[in-house]
Amino acid sequence: MSITSFHNIALLGATGNLGSKILITLNNAGFTVTAVQRKDSTNVPNRAAKSLKVDLSSEPDLTSAFKGQDVVVSAMPYPRLATDKIWINAAICAGVKRIVPSEFSTNLENELSRALPIVANKIEIRKYVEDIAKEGMIEWTSINNGPFFLSVTWLSGWMGPSVKSKVTVLHDDGEKLVCTTTLERIGEGVAKSLLPEYAEKTRNKAVYVYSAAMSERKMTRLAEKFSGLNFEEKKSDIETVTKDAFETLEKGDKSKMMNFYIPFCLGKKYGGDFRYMAANEMLGLKELTDTEQEEMVKVWLKEMETSKS
């Protein structure tokens with residue numbers, strides 16, 4: 001079997017919160033990275049071999065930018081099939097071997113999760129890339145990771161404790177585990193999946209990575225331990241949250257779209273704890289130890305305290 005080898009990678013969204021971490025890990029892995037940016041961007045991609053500023057709505061412009069690239073990775077937020085088709089088709093025209101579309105989600109293999117409105121666009125894009133891959137037009141790999149392991153996710157009261165309000169939201173019993181991932185680990189997942197020793201194993205596959213399996217109750221205990229705060233518990237029923245979100249949307253009201261992330265991450269049958277299918281072991285990615293998780297929470301709390309002063 002021939003070894004798949006990639007060298008040159010074009011990166012869309014290279015200066016975003018996630019894209020900048022992907023850029024660093026691709027560089028560290030030895031790839032030559034070209035940041036492809038919108039024409040009017042003033043952001044400077046850190047350590048990219050070069051930057052090309054183009055009209056991202058122009059397939060000819062993108063085709064020209066992708067010439068000589070082995071892989072195109074998209075870290076663009078809010079992907080839509082109508083816009084993603086442009087860069088995907090440009091990659092095909094340019095002779096790119098593989099694409100990594102912007103999924104970076106939770107469990108998109110689970111049927112209940114796939115039916116949630118918040119992932120409809122990503123499911124459309126997945127179907128499109130699967131279809132063109134079956135036709136032999138290009139290869140694909142996607143990376144999925146669960147909710148980001150960041151303070152804005154875990155200490156804002158969206159899931160679990162809010163340091164500001166001193167209230168913790170516990171959905172059902174608060175014990176449901178969900179795989180959660182640092183931005184750096186997501187970048188490692190992207191880079192490692194494209195290395196010669198893994199590229200064939202990740203061809204035309206969704207690759208799942210994580211940093212830790214976390215529950216709302218565990219995060220509450222950590223926040224109490226290192227902040228000295230006592231959090232008032234607020235219980236919430238996931239089934240009720242989900243039903244209410246669907247009923248609200250059926251009325252044409254999108255104000256509760258974010259609530260679909262609760263079943264997506266914590267629902268019993270939605271697959272948020274995807275450790276059983278994760279590629280961590282294959283890619284050599286270690287789970288954060290309890291001590292490392294504690295250190296991260298300490299850092300978050302210190303940063304939050306500093307931002308208040």
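Quick note: residue numbers are just sequence positions, from 1. Quick caveat: nothing in here was measured; it's all calculated off a predicted structure.
Within the 4.5 Å cutoff, the side chain of L11 has heavy atoms near those of the I22 side chain. Side-chain contact between F66 and W87 is present, with heavy atoms from C-beta onward closer than 4.5 Å. Counting only heavy atoms from C-beta outward, the side chains of F226 and V299 never approach each other to under 4.5 Å. The side-chain heavy atoms of I99 and E139, taken from C-beta on, include no pair separated by under 4.5 Å. Using a 4.5 Å cut-off on side-chain heavy atoms (C-beta onward), K268 and I238 make no contact. In this structure the side chain of M214 never reaches within 4.5 angstrom of the side chain of L177, judged on heavy atoms. Using a 4.5 Å cut-off on side-chain heavy atoms (C-beta onward), F104 and S142 make no contact.
Using a 3.5 Å distance cut-off with no hydrogens or angles, the side chains of W154 and T180 do pair a donor with an acceptor.
Between E175 and R217 there is a salt bridge, since at least one side-chain N of the basic residue sits less than 4.0 Å from a carboxylate O of the acidic one. Contact check on K127 versus D131 returns a salt bridge, with a Lys/Arg side-chain nitrogen under 4.0 Å from an Asp/Glu carboxylate oxygen.
Atoms CD1 and CD1, on I92 and I132 in that order, are 4.0 Å from each other to the nearest 0.5 Å.
Take Y208 and apply the ring pair (Phe, Tyr, Trp, His ring centres under 6.0 Å) test, not counting sequence neighbours, and it matches F274.
Figure legend: K85 and Y128 shown as a cation-pi pair, the cationic atom lying under 6.0 angstrom from the six-membered ring centre and within 45 degrees of its axis.
Residue E239 places its CD atom among 12 or fewer non-hydrogen atoms of other residues, nucleotides or ligands, all under 6.0 Å distant.
Summarising the geometry of P161 relative to T168, their closest heavy-atom pair is N-OG1, 3.2 Å, with the distance given to 0.1 Å.
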